Structures are given as C-alpha cells and as structure tokens.
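Okay, structure first, notes after.
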2 protein chains.
Amino acid sequence: MDPLRIQGYRLTRQRRLVLETLRDSQEHLDAAAVFERVKAREPRISLATVYRSLALLKETGLVLEDRLGEGHGHFEAAQATPHYHFTCLGCGRVVELQAPRALEAVRELCAAQGLQATAISLHIRGYCIQCQSAETKGEQP
Amino acid sequence: MDPLRIQGYRLTRQRRLVLETLRDSQEHLDAAAVFERVKAREPRISLATVYRSLALLKETGLVLEDRLGEGHGHFEAAQATPHYHFTCLGCGRVVELQAPRALEAVRELCAAQGLQATAISLHIRGYCIQCQSAETKGEQP
DNA sequence: TTACCTGCAAAGGGTTTGCACTTTG
DNA sequence: CAAAGTGCAAACCCTTTGCAGGTAA
C-alpha cells in the first residue's frame, strides 16, 4: 500500500496522520500535542516518529515550523497564502496576520541587495486589545 | 563598588563583561561563545552566570535575543535602529538589514487591528549572491 | 545584616539517534 | 532481498535551578 509518495518518501500511515492532524487543527501545535492527537488514532506511534515525520514534512514544504514561544517549536500545515503571527504577551493568544505590504517591502529590499529570499518569517509580540485594557487596570497602584 | 545600576540591578563585573562582549562583537554570539570570550578575561565565571546575565540584560532591553539558526539562541547588543537578519542557507552567513518600509507596514497593520506591538522580529532565509551562483553551478548534472 | 549575586553541579525539557524489528518495493 | 520506516530507550544539547558561599549596600 502507500501508493502516495512525497518527493520520493513513502507517505506512510504515521506521516499521513501527522499531516492530517496539523491540517485539521487551527492552532499551532507543538510536537507533543501532535503526538498526543495522533496517538489517539494510532496508539503504537512513538514521539520519535512524530519528530521524524515533522522533519520530513518540513523538508517537503508541507509543514512549517515557527518558533513562537521562543522555547520549543510549533508546527502548522503550509497554506496557499503565507501568514504571520502576533503573540500576546498578556494572554498568550496567537493571532494570524497577513501582511502583504510588509512582504512586498521585504521582497524589494532583498532584490535590491541581490539576496534570494526563500522564506520570510515575521513574528510580532505585544498586547491584544483585551490585555491592553487589563494591563492598564491591573497596574494602577 | 559597582556604582552603576541597570533598572535596579547591580551592574557587576560579570554582567558588564557579558554586555561588553556583545557590544564588541559584530557577530551574533550564542551563550557558549559569550561564555568563552568572557572567560578569557574572567576565568572564574560560570556558564550559568552568563545565562543569568543575558536574561537580565534582555529584560533591561540592552540585549536582544534572536533565534537565527532555529536551534539555540543568539544574542546581540541592542542598537539605536532595529535591524533584521538574512541567513544564507548556503554559507550560513548572516546579513543585517534595515527594513523601514516593512516595519512601517507592520505597524500600520497592527494599529488597524488594535494590536499593540512591542517587538517585531523579521527573519529571512535564502541565498546570498555568492551562493546563488555556486548553487547554479553545483546543481548542473 | 540583609539583599543580591555567583559558582558549581544537578536537573530539566525538547529533540535526536543507535539499534533491532517491521514493512515495503 | 535490499531499502525505507518504525518503536524504544538512551543520548544529546541548551538552558534553568537549588544550594552554599560570596559580595555589596
């Protein structure tokens, strides 16, 4: 079985489950979360296989890794339009943003310097609306 | 001694050496590299102190941490104008870029969504001029 | 003296790897 | 059969932490 291949690699059940898990999720999952969810459908899978699958899927471009929390990696299925992330330092929420104008500016900048950009990552930290007001209220002495 | 203070913290010899090391270096050093260099001037310093100093200096805003190599952290002394990084996937070189137009676009975007941005990080990966030609040559069959 | 800071060594968390076994072409 | 993929456990790397000893206000 496994007629499907991705760039020469076999699309095994484990790899497919990892990819589907990321596609089905709207969040940015870390490896442990992917493991947990895949394990519900494939109890014998190991965390090592999840990591190996993620690495492979990243290599093929089907999956992207971001370093949101500055700590460990988070993964998401690649989408047609690239998007970027805003992390709220107050509540931890991650907002996805499209930034076509910024992207365009970056592309021009690279072109002007002769740099060939293959991946652009933009990460913004700050406070979302709710946390801005919460912060104001909370920090009054 | 140590009359200088940074935001209530003592500016100890160790902390000063860590900061100076980053200011003197044009590269983006990781903790181990900082440790190595500081150790040349202060052999008794420990890696733990380097990490603690870096955390403290980050907190004061004197030092910035970037996640360039996707793996461990790299540090640099904060400068007046923010800049961003292009990492060449061929040779590993890191090019610093200023991107005022992109920055402006990001700021507008956040403002439009009511997000208060406190830190913006932009990281571009790709190939520098040299590696573009090298790649072309190298990959001819 | 008290509060802050350091060194050391150990622990921690996320990720990778060696190896034997299984699956696939 | 050879090659690719997996599970398990151990190893690994970077980073943080507990604690006892030091340093400074």
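These figures come from a predicted structure and were not determined experimentally. Residue numbering restarts at 1 for every chain, and letters A, B, ... go by the order of the sequence lines.
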Practice prompt. Applying side chain to side chain donor-acceptor pair (under 3.5 Å), run through A:E65 and A:H28 and close with a yes or a no.
Written response: CA-CA 9 Å; A:E65 176 174 8; A:H28 306 80; over 6 Å; no
Discussion item. Does a side-chain N or O of B:T12 approach OP1 or OP2 of C:dT6 to a distance below 4.0 Å, or not?
Written reply: yes
Worksheet item: Looking only at side-chain N and O atoms, does A:Q14 come under 4.0 Å of OP1 or OP2 in D:dG7?
Response: yes
Atom [atom1] of [X] and atom [atom2] of [N]: how far apart are they, to the nearest Å?
{"X": "B:R13", "N": "D:dA24", "atom1": "CZ", "atom2": "P", "value": "12 Å"}
{"X": "B:R16", "N": "C:dT6", "atom1": "CZ", "atom2": "P", "value": "11 Å"}
{"X": "B:L54", "N": "D:dC14", "atom1": "CG", "atom2": "P", "value": "14 Å"}
{"X": "A:Y9", "N": "C:dT24", "atom1": "OH", "atom2": "C1'", "value": "17 Å"}
{"X": "B:L56", "N": "C:dT6", "atom1": "CG", "atom2": "P", "value": "9 Å"}
{"X": "B:H72", "N": "D:dC14", "atom1": "NE2", "atom2": "P", "value": "6 Å"}
{"X": "B:E59", "N": "C:dC4", "atom1": "CD", "atom2": "P", "value": "13 Å"}
{"X": "A:E65", "N": "C:dG14", "atom1": "CD", "atom2": "C1'", "value": "11 Å"}

Worksheet entry | Selection: residues 29-51 of chain A, any non-hydrogen atom under 4.0 Å of DNA chain C |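 Within residues 29-51 of chain A, the residues near DNA chain C are A:A31, A:L47, A:A48, A:Y51.
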Discussion item. Tell me whether the count of non-hydrogen atoms from other residues, nucleotides or ligands lying under 6.0 Å of CD in A:Q26 goes above 12.
Written reply: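 Not buried by this count: 12 neighbours or fewer within 6.0 Å.
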Discussion item. A quick test of your reading: do over 12 heavy atoms of other residues, nucleotides or ligands sit less than 6.0 Å from CZ of B:R101?
Written reply: no
Worksheet item: Going through the distances and angles, do B:H74 and B:D30 end up as a side chain to side chain donor-acceptor pair (under 3.5 Å)?
Response: CA-CA 4 Å; B:H74 288 248; B:D30 57 22; 4.8 Å; no
Item to complete: Indicate yes or no: does B:R44 engage B:E42 in a salt bridge with an N to O separation below 4.0 Å.
Response: no
Fill in: SB check A:E27 A:R37 (cutoff 4.0 Å)
yes
Could you work out which one of [options] sits closest to the side chain of [X]?
{"X": "A:R67", "options": "C:dT15, D:dT15, D:dG5", "value": "C:dT15"}
{"X": "A:R10", "options": "D:dT6, D:dA3, C:dG14", "value": "D:dA3"}
{"X": "A:R52", "options": "C:dC4, D:dG7, D:dC19", "value": "D:dG7"}

Discussion item. My understanding is that only residues two or more places apart in sequence, or in another chain, count here; which of them pass side-chain hydrogen bond (donor to acceptor under 3.5 Å, both in side chains) with B:E20?
Written reply: B:R41
Worksheet item: Is the base of C:dG25 touched by the side chain of A:R5 through a donor-acceptor pair closer than 3.5 angstrom?
Response: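 Flag unset: no donor-acceptor pair detected.
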Discussion item. Over all strands shown, is B:R15 touching base, sugar-phosphate only, or nothing at heavy-atom distances under 4.0 angstrom?
Written reply: sugar-phosphate
